[in-house]
J.: 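Here it is: the structure, laid out below.
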Amino acid sequence: MELSEQNVKKQRPVHLDLQTIRFPATAIVSILHRISGVIMLFAIGILLWLLNSTLTSAEGFASVQSLFDSFVMKFILWGILTALGYHLLGGIRHLIMDAGCWEELKSGNASAKALFVLAAAFSIIAGVWVW
């Protein structure tokens with residue numbers, strides 16, 4: 001049975017309200033994994049600048065060391081560590097899924113929720129370590 005053009009047009013949404021759509025945990029994990037990858041891309045620039053500054057001279061090392069006394073720098077470092085931890089844990093989850101495990105809906109949701117819990121714990125540990 002073929003669908004006519006009128007039937008197809010009637011089935012299409014007139015207005016798609018993105019605020020009413022509820023994403024499953026697996027979709028949120030995937031989106032945040034991509035965002036953490038972008039954050040780490042920019043973090044590489046910051047970390048390379050800090051490394052270069054510390055290696056130029058003793059004064060450069062002392063200035064970078066004094067930077068880590070400020071709240072802003074500690075917050076940036078905590079953000080970098082949190083993104084790194086989330087991306088690492090999410091990457092491990094993706095590798096396990098590529099190996100054929102956790103591909104069903106129930107186990108995929110469970111692993112996504114476990115990732116949230118582990119990432120939050122890692123973020124708290126990183127915060128305690130930085131401060």
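Numbers for residues simply follow the sequence, beginning at 1. Since the model is a prediction, treat every value here as computed from it, not as a measurement.
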J.: Looking at every heavy atom in both Leu81 and Trp129, which two are closest together, and how far apart are they?
T.: CD1-CZ3, 3.6 Å

J.: Treat each ILVMFWY residue as a node, draw an edge where side-chain heavy atoms are under 4.5 Å apart, and state whether Trp49 and Phe68 are in one component.
T.: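 Yes, because Trp49 and Phe68 connect within a single hydrophobic cluster, where side-chain heavy atoms sit under 4.5 Å apart.
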
J.: For a side-chain contact (heavy atoms from CB on, under 4.5 Å) check, start with the C-alpha distance between Trp78 and Ser123, then their side-chain angles and the critical distance, and finish with the verdict.
T.: CA-CA 8 Å; Trp78 172 77; Ser123 179; 3.0 Å; yes

J.: Once rounded to the nearest 0.5 Å, what's the spacing between atom CZ of Phe61 and atom OG1 of Thr56?
T.: 11.0 Å

J.: Please work out whether the ring planes of His33 and Tyr86 are parallel, tilted or perpendicular, with thresholds of 30° and 60°.
T.: tilted

J.: Assess whether side-chain contact (heavy atoms from CB on, under 4.5 Å) is satisfied between Met40 and Leu88, documenting all intermediate values.
T.: CA-CA 11 Å; Met40 287 190 328; Leu88 178 69; over 6 Å; no

J.: Are Leu47 and Leu55 connected, step by step, through hydrophobic side chains (Ile, Leu, Val, Met, Phe, Trp, Tyr) whose heavy atoms are closer than 4.5 Å?
T.: no

J.: Decide if the gap between the ring center of Trp131 and the ring center of Phe71 is smaller than 6.0 angstrom.
T.: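 Centroid separation for Trp131 and Phe71: below 6.0 Å.
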
J.: Hey, what do you get for OG (Ser70) to CD1 (Ile76), rounding to the nearest 0.5 Å?
T.: 7.5 Å

J.: Report the distance from atom CD1 of Ile46 to atom CG of Leu51, rounding to the nearest 0.5 Å.
T.: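 The CG atom of Leu51 is 13.5 Å from CD1 of Ile46, to the nearest 0.5 Å.
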
J.: Looking at Ser63, is its backbone amide N or carbonyl O close enough to the side chain of Ser66 to form a donor-acceptor pair, meaning the two atoms are under 3.5 Å apart?
T.: yes

J.: Should Phe122 and Ile92 be regarded as members of a common hydrophobic cluster, given that ILVMFWY residues are connected when their side-chain heavy atoms come within less than 4.5 Å of each other, either directly or indirectly?
T.: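 Different clusters.
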
J.: With heavy-atom distances below 4.5 Å as the criterion, would you say the side chains of Asn52 and Leu48 are in contact?
T.: no

J.: In terms of hydrophobic clusters joined by side-chain contacts under 4.5 Å, are Leu77 and Val128 together?
T.: no

J.: Where do Trp102 and Ser111 come nearest, in terms of heavy atoms and distance?
T.: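 What the structure gives for the nearest pair is CE3-CB, 3.6 Å.
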
J.: Can you name the closest pair of heavy atoms from Ala25 and Lys113 and give their distance?
T.: CB-CG, 4.4 Å

J.: Rounded to the nearest 0.5 Å, how far does CZ of Arg34 lie from NE2 of His87?
T.: 10.5 Å

J.: Could you grab the distance from atom CG of Leu32 to atom CG of Leu115, nearest 0.5 Å is fine?
T.: 8.5 Å

J.: For a quick test of reading the model, state the closest non-hydrogen atom pair linking Ala83 to Ile39 and the distance between them.
T.: CB-CG2, 3.7 Å

J.: In Å and rounded to the nearest 0.5 Å, what is the CD1 to CD1 distance from Ile44 to Ile80?
T.: 10.0 Å

J.: Are Leu50 and Met73 close enough, and set up right, to give a side-chain contact (heavy atoms from CB on, under 4.5 Å), and what steps lead you there?
T.: CA-CA 11 Å; Leu50 289 170; Met73 193 61 192; 3.2 Å; yes

